[in-house]
Amino acid sequence: MSQTVDRALSILPLLAEGPADLGQVADRLGVHKSTALRLLRTLHEHGLVYRQSDQRYRLGARLFALAQEAMENLDVREIAHPHLVRLNESCGHTVHLAVYEENEVLYIDKVDSRYPVRMYSRIGKPVAITVAAVAKLLLADLPEHERRAVAEKLDYPAYTARSTPDATAFLRELEKVRQQGWATDLGGHEESINCVAAPIRGADGRVVAAMSVSAPNVVVTADELLTLLPLVRRTADAISGEYSGRTPSKGTV
């Protein structure tokens with residue numbers, strides 16, 4: 001039975017490459033045509049494959065409907081939270097999870113620092129979009145025309161001397177973030193707070209959320225915080241793998 005299921009499931013990635021006839025399916029599976037036909041008929045009955053008029057098979061509409069339903073029911077916060085907790089337990093600093101919705105970047109999860117000096121960020125509160133590391137990652141992933149349109153509409157408050165001054169500088173920073181795959185906020189919002197962040201990606205490679213580790217200078221210096229970047233990126237990659245279904249749930253720290 002397990003071999004039959006394995007063979008049937010092996011047909012799906014083949015058809016994802018494009019329509020294939022019975023002979024091609026049989027050859028790919030290394031089975032007789034009668035076996036391949038039996039498997040295709042079963043998948044066809046469940047709407048997972050469709051037989052075209054030219055007798056070739058392609059992926060069925062039911063498969064796309066199931067994928068869409070699964071994506072809609074995915075909760076990145078639920079998947080990410082155990083990873084955020086483990087990261088917090090490992091480094092001790094504040095960990096945030098953020099998403100981009102309706103022209104705002106919002107915190108949707110937070111694990112507080114174990115140190116006495118804490119950040120006053122709140123779940124559901126918009127971040128300082130022109131300086132926050134998580135915001136840079138989320139906006140950097142937008143198509144160029146959208147990125148530019150957003151940047152040109154924003155105000156650029158001078159929170160500190162290190163704040164982003166204007167749209168030109170912001171777009172330059174977003175391009176840098178897009179290329180390197182991570183972001184920082186080193187005193188751009190509050191002089192004494194530094195932050196490193198990494199993206200969480202869906203199955204299509206697009207950024208669906210961003211996570212960060214933040215700490216005040218009195219606890220760690222900016223250089224010391226930057227040494228945590230590999231750990232932050234590994235955690236983000238683990239969440240991405242679980243969210244997209246590429247890897248099973250497991251510890252990352």
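Hydrogens, waters and symmetry mates are skipped; everything else that's a heavy atom, side chains included, is used.
In this structure, D54 pairs ionically with R56, as a charged nitrogen and a carboxylate oxygen lie closer than 4.0 Å.
Taken from CZ in R62 to CD in E45, the straight-line distance is 14.5 Å, to the nearest 0.5 Å. Taking NE2 of H83 as the reference point, atom OG1 of T235 lies at 8.5 Å (rounded to 0.5 Å). For the atom pair CG of L229 and CD of Q180, the computed distance is 8.5 Å after rounding to the nearest 0.5 Å. The CG atom of D75 sits 11.5 Å away from atom NE2 of H81, with the distance rounded to the nearest 0.5 Å. Rounding to the nearest 0.5 Å gives a distance of 11.0 Å between CG of L15 and OG of S10. If you take CD on E242 and CG on D237, they are separated by 13.0 Å, rounding to the nearest 0.5 Å.
With contacts defined as side-chain heavy-atom distances shorter than 4.5 Å, the pair Y100/L139 qualifies. In this structure, S212 and V232 have side chains that are not in contact, with every pair of non-hydrogen atoms separated by 4.5 Å or more. Within the 4.5 Å cutoff, the side chain of L97 has heavy atoms near those of the I200 side chain. Using a 4.5 Å cut-off on side-chain heavy atoms (C-beta onward), Q55 and D21 make no contact. No side-chain heavy atom of L59 sits less than 4.5 Å from a side-chain heavy atom of Y50. With contacts defined as side-chain heavy-atom distances shorter than 4.5 Å, the pair E17/R28 qualifies.
Listed by chain and number, the residues in a side chain to side chain donor-acceptor pair (under 3.5 Å) with E152 amount to none (sequence neighbours excluded).
The 12-atom threshold is exceeded at OH of Y159, counting heavy atoms of other residues, nucleotides or ligands nearer than 6.0 Å. More than 12 heavy atoms of other residues, nucleotides or ligands sit less than 6.0 Å from atom CZ of R58. Around CD of E175, the count of heavy atoms belonging to other residues, nucleotides or ligands within 6.0 Å exceeds 12.
Formation of a donor-acceptor pair under 3.5 Å by the E224 side chain with backbone atoms of T221 is found in this model. Side-chain N or O atoms of D155 include none that pairs as donor or acceptor with a backbone N or O of P157 at under 3.5 Å. Here the side chain of S90 pairs no donor or acceptor atom with the backbone of R86 at under 3.5 angstrom. Judged by distance alone, with hydrogens and angles left aside, the side-chain atoms of R201 form no donor-acceptor pair with the main-chain N or O of S240 at under 3.5 Å. Counting only distance, with no hydrogens or angles, the side chain of N88 and the backbone of V95 share no donor-acceptor pair below 3.5 Å. Using a distance-only test at 3.5 Å, with no hydrogens or angles considered, a donor-acceptor pair links the side chain of S113 to the main chain of Y115.
In the hydrophobic cluster analysis, where Ile, Leu, Val, Met, Phe, Trp and Tyr join through side-chain heavy atoms closer than 4.5 angstrom, V105 is grouped together with Y107. No chain of hydrophobic side-chain contacts below 4.5 Å, direct or via other Ile, Leu, Val, Met, Phe, Trp or Tyr residues, connects V99 to L142. By the criterion of side-chain heavy atoms lying less than 4.5 angstrom apart, applied directly or through intervening Ile, Leu, Val, Met, Phe, Trp or Tyr residues, V196 is grouped together with V220 in one hydrophobic cluster. Residues L174 and L154 are members of one and the same hydrophobic cluster, defined by side-chain heavy-atom contacts under 4.5 angstrom among Ile, Leu, Val, Met, Phe, Trp and Tyr.
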Evaluate V134 against M211 for side chain to side chain contact (heavy atoms under 4.5 Å, CB included), listing each step before the verdict. CA-CA 6 Å; V134 288; M211 55 157 295; 5.9 Å; no

Passes side chain to side chain contact (heavy atoms under 4.5 Å, CB included), Y57 versus I11? Steps please. CA-CA 10 Å; Y57 293 84; I11 293 173; over 6 Å; no

Determine whether H93 and V219 satisfy the following criterion, side chain to side chain contact (heavy atoms under 4.5 Å, CB included), listing intermediate values before the conclusion. CA-CA 9 Å; H93 305 308; V219 177; 3.7 Å; yes

T4 and L39: CA distance, side-chain angles, deciding distance, side chain to side chain contact (heavy atoms under 4.5 Å, CB included) verdict: CA-CA 8 Å; T4 301; L39 295 171; 3.7 Å; yes

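Taking every heavy atom of both residues into account, Q52 and P19 meet most closely at OE1-CG, 3.7 Å. Heavy-atom minimum distance, A20 versus V25: CB-CG2, 4.2 Å. Of all the heavy atoms in Y156 and A167, the pair that sits closest is OH-CA, 3.3 Å. Minimum interatomic distance between S163 and A158 (heavy atoms only, all atoms of both residues): OG-C, 3.9 Å. In terms of heavy-atom proximity, R147 sits nearest to L171 at O-CD2, 3.8 Å. Nearest heavy atom pair, residue E78 against residue P82, reads O-CD, 3.4 Å.
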Between side-chain atoms of residues 185-192 and protein atoms elsewhere (two or more places apart, or another chain), which donor-acceptor pairs fall under 3.5 Å?
from, atom 1, to, atom 2, distance (Å)
D185, OD1, G188, N, 2.7

Run the side-chain donor-acceptor check on residues 121-132: report pairs under 3.5 Å with partners two or more places apart or on a different chain.
from, atom 1, to, atom 2, distance (Å)
S121, OG, H96, NE2, 2.5
S121, OG, K110, NZ, 3.2

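Grouped by direct or indirect side-chain proximity (heavy atoms under 4.5 Å, Ile/Leu/Val/Met/Phe/Trp/Tyr only), V177 sits with L137. Listed by chain and number, the hydrophobic cluster partners of L106 come to none, as no ILVMFWY side chain reaches under 4.5 Å of it.
When each of L231, N194, L84, L228 is paired with V213, the side-chain contact (heavy atoms from CB on, under 4.5 Å) condition holds for L228 and for no other.
Applying the ring pair (Phe, Tyr, Trp, His ring centres under 6.0 Å) test to every pair with at least one member in residues 19-45, sequence neighbours left out, gives no pairs at all.
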